[in-house]
Amino acid sequence: MAEAAADRDVNVVDAGAAVDAVDADVKARKERERDELYALDISDAEWQSAPGTEDHEERVEIAYLPAGAVAMRSSLDPGTVLRYTEAEWRAFVLGARDGEFDLEPAPHDGGLTAE
């Protein structure tokens with residue numbers, strides 16, 4: 001019986017080590033993807049914004065990059081660009097469609113509420 005318990009303990013330790021190894025591999029892969037994504041030259045990217053927005057309006061712009069990646073920036077600060085892998089962008093879009101990022105309605109006077 002003690003031998004069976006020892007075997008279980010070894011299996012739990014082995015499973016924990018396997019999970020740690022998988023986590024390390026996933027982290028290393030994500031770091032490589034991020035490094036490759038930010039190494040891309042996007043100087044010729046074609047930036048798009050929502051239909052109906054004017055060039056003088058503040059807006060979010062996106063550009064599609066190779067391998068399904070997406071770059072995103074603000075029209076007010078075009079030098080600051082965030083880049084997302086295809087999986088990250090897909091998760092964001094699906095979350096937005098599902099209402100995960102919906103904001104609470106602003107106060108009717110348009111100002112901040114006093115606390």
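Everything numeric in this text was worked out from a predicted model, so none of it was measured.
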L76 CG to E58 CD distance, which is reported to the nearest 0.5 Å: 4.0 Å
Inter-residue atom distance K30.NZ - K27.NZ, 0.5 Å rounding: 12.0 Å
Do V93 and F101 belong together in a cluster built from hydrophobic side chains that touch within less than 4.5 Å? yes
Considering all heavy atoms of both residues, which atom of [X] and which atom of [Y] are nearest to each other, and what is their separation?
X   : Y   : value
R83 : A39 : NH1-N, 4.4 Å
E54 : R59 : O-NH1, 3.5 Å
L65 : V70 : CD1-C, 4.0 Å

Any luck finding a side-chain donor-acceptor pair between D77 and T80 under 3.5 Å? yes
Measure the shortest side-chain to side-chain distance between I42 and V81 over non-hydrogen atoms and say whether it is less than 4.5 angstrom. yes
Less than 4.5 Å apart, any side-chain heavy atom of W89 and any of M72? yes
Taking E36 first and then R32, would you say they form a salt bridge - that is, a charged N and a carboxylate O separated by under 4.0 Å? no
Spell out, as yes or no, whether a donor-acceptor pair under 3.5 Å connects the side chain of [X] to the backbone of [Y].
X   : Y   : answer
D41 : S43 : yes
S49 : V60 : no
R34 : R29 : no

Could you give me the CA-CA distance, side-chain angles and deciding distance for Y64 and Q48, then say whether side-chain contact (heavy atoms from CB on, under 4.5 Å) is met? CA-CA 9 Å; Y64 294 101; Q48 304 171 25; 3.8 Å; yes
Does E46 have more than 12 heavy atoms from other residues, nucleotides or ligands lying within 6.0 Å of its CD? no
